[in-house]
Amino acid sequence: MARVTFKNIYKTYDNQITVIKDFNLVIQDKEFLVLVGPSGCGKSTTLRMIAGLEEVSQGDLFIDDTRVNDVHPKDRDIAMVFQNYALYPHMSVRENMGFSLKLKGVPKKEIHTKVDEVAKILGIEDYLDRKPKQLSGGQRQRVAMGRAIVRNPKVFLFDEPLSNLDAKLRVQMRIELAKLHKQLNTTIVYVTHDQVEAMTLADRIVVMKDGFIQQVGTPLELYNRPQNAFVGGFIGSPEMNQIKVKIQQQKDQLTLLGSNFSIPVPEAQKQALLQTNIGDEIILGIRPQDMIPQKQAENKIAIHREVDVIEPMGGESYVYFSIDEAHKTWIARCDGAPQVKEGEKAAFVIDPEKIHLFTPDGSKRIE
Amino acid sequence: MKKNLKENFVAYSYLTPFLAVFLVFLAYPVFYSMWISLHKATIYTSWYSPFTSMKYVGFEHYINILTDIEFWWSIGLTFIYGLLTIPTGIMLSLLLAILLNNKIKFKSFFRSAYFLPNVLDLLVIGIIWILIFSPKYGLVDMVLAKIGIHNAFPDGILGSPYLCLPAIAFAMVLKGAGFGMILFLTAIQNISESVYEAADIDGASWHHKLMYITIPLVKPIILFMTITGTISCLTAFTEIYAMTSNTGGPTVQVFGHTLRSANLAGYHLYRSFSEGAYGKAAAISFVLLGIALLISFINMKWLKSDN
């Protein structure tokens, strides 16, 4: 059992800047929870509060049923993997991994066996006598994870553990982390600013901004039904295209009117939109893969614009175009061989059922 | 080939100023003192023909000093002085660095205050400590009198053959602690905060963190301070000169010999020079060099840092 509960948590620093505001969350036992958000959103501070490395200014933090606000990090039964690995540079890999057990007074032989077991799981048994500086970034990361696993803690905390690795290694370690979670079957709280990591690893994601929780949900919930414009923009790669549009009513039909396009509002969102004022501006969001660039759009709803740039990625291509006179760039995603060409007019076909609508300030989803 | 010659010429022309200074002021004196150590040179030697008017005596000076009780006494005292100053100096410096690495008020003031004695001349410091240690009106005696201990040191602390050397060592430890503190502070501040945080989570107390993280990671500084401390002890002269009023400290009887209680090797060397025994003094300096190299080698082996 290891459930982490935040009750009305606030974190205010000495300079009176509040970085976490009214944070309420229950992290379930054995859950892989990812805290994600832009730099400075408070995700690392939240993680460090669980670790006990930052004090809780207000509110209650529980691990299981124990209030841990004033409990020293060593007594919380947690383990943490740091962004810069934080390995002890003068100790060998074996000593690094066995350090916590040594401090606990575990017999040497037992430490040896335990370290060997974990090293085998992580595939670092050949490096046990090396010093951290003799290891590559990926190997160091494994040692840092090994150091955490050896302790067999209630909760694992990961603070952007893959951000110092190159792109290829990051993908590899991501997969290993997912496997590890299944193997360890324990609670993991993971901080990242990379939404791809969040989507691929998490059971649930917490999206944060300016110290507030924006949305909590499974990766697909967040992707399919973002609760505000920020979450819509943050989750998904390339990010969701967004623009302000006016609501126009012609008889029974509601239309979203952009500077040079109009999209009929689908039935599902009509009722909700009727409650807002006709003529108001709201935010329209369309994911890049929900717009198909074509040469012509016969009897289809489409935005007609000139293609600025095409980025071929191999299996898919990104087509960039300016949505309005202010040259706000939108992206459409299509398969590897787009029908359109740079500099030519194209029709970006839209399925109105797949649009997202948000209130004018972007704070709420309209549905 | 031509290009190489040109490059070499340019390189040597840049090196020439240093090489000239090095040859005149360092290489020549070293060579010349070695020459003197193998010859008999006195105040009557003609210094206008320094290489011809001296009589070659081989290793006579070396044999003489190695059988001289005063020399061994000075080496023994130097060893004691080293034991008094080096470990305490390192511990005090490390303690100050750890304390001043915390978030405390007036941190910069304390750092400057502890470092300040380093910029003072040793003679000035010696005189200040003579005043502090002097009998009756010295600060130490006055403080002791306040707490009811009157006339604790009738001859003064520096006048006592047993306290003179420890008192000098005490003064020198305090003088050097500020510099050591700066070195340790730099090393401690280079240790990533996250390493300590990882240790916190691993269950380390402050004592564990000191023993298992801070001290091993500042080992290069400990090694540096041990080696420079050893060299300072072997060449200690000014502090002895200043604090014993150029006497080498009060006398003490050892196996029927009257010896000076603060006659450290460096001061002994100076006395030999001032008495005109140039050959002997030069030989002492090379023996001291040998001892310094030996101790440094042992230190490096012992404290060999993996980082």
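For clarity, every value in this text was computed on a predicted model and none was experimentally measured.
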**Test log, rule side-chain contact (heavy atoms from CB on, under 4.5 Å), inputs A:Y88 and B:L217** = CA-CA 9 Å; A:Y88 309 119; B:L217 288 177; over 6 Å; no
Check whether [X] gets within reach of chain B through its side chain, its backbone, both or neither, counting any heavy atom under 4.5 Å.
X: A:K104; value: neither
X: A:L87; value: backbone
X: A:R48; value: side chain
X: A:L53; value: side chain

**Request:** Working to the nearest 0.5 Å, report the span between NZ of A:K74 and OG of B:S205.
**Result:** 7.5 Å
**Request:** Find the distance between CZ (A:F82) and OG (B:S192) and round it off to the nearest 0.5 Å.
**Result:** 8.5 Å
What's the shortest heavy-atom distance between [X] and [Y], and which atoms?
X: A:R151; Y: B:D202; value: CD-OD1, 3.5 Å
X: A:R147; Y: B:A198; value: NH2-CB, 3.5 Å
X: B:Y212; Y: A:H90; value: O-NE2, 2.6 Å

Would you indicate whether [X], at its atom [atom1], is surrounded by more than 12 heavy atoms from other residues, nucleotides or ligands within a distance under 6.0 Å?
X: B:F79; atom1: CZ; value: no
X: B:F179; atom1: CZ; value: no
X: A:E117; atom1: CD; value: yes
X: A:Y13; atom1: OH; value: yes
X: A:F62; atom1: CZ; value: yes

**Request:** Without swapping roles, check the side chain of A:H72 against the backbone of B:I201 for a donor-acceptor pair under 3.5 Å.
**Result:** no
**Top contributor to chain B interface from A:I78, A:L101, A:D77 [non-hydrogen pairs under 4.5 Å]** = A:I78
**Prompt:** Would A:L103 and B:H208 count as a side-chain contact (heavy atoms from CB on, under 4.5 Å) if you check the C-alpha gap in whole Å, the side-chain angles of each, and the deciding distance to 0.1 Å?
**Reply:** CA-CA 8 Å; A:L103 295 180; B:H208 290 135; 3.6 Å; yes
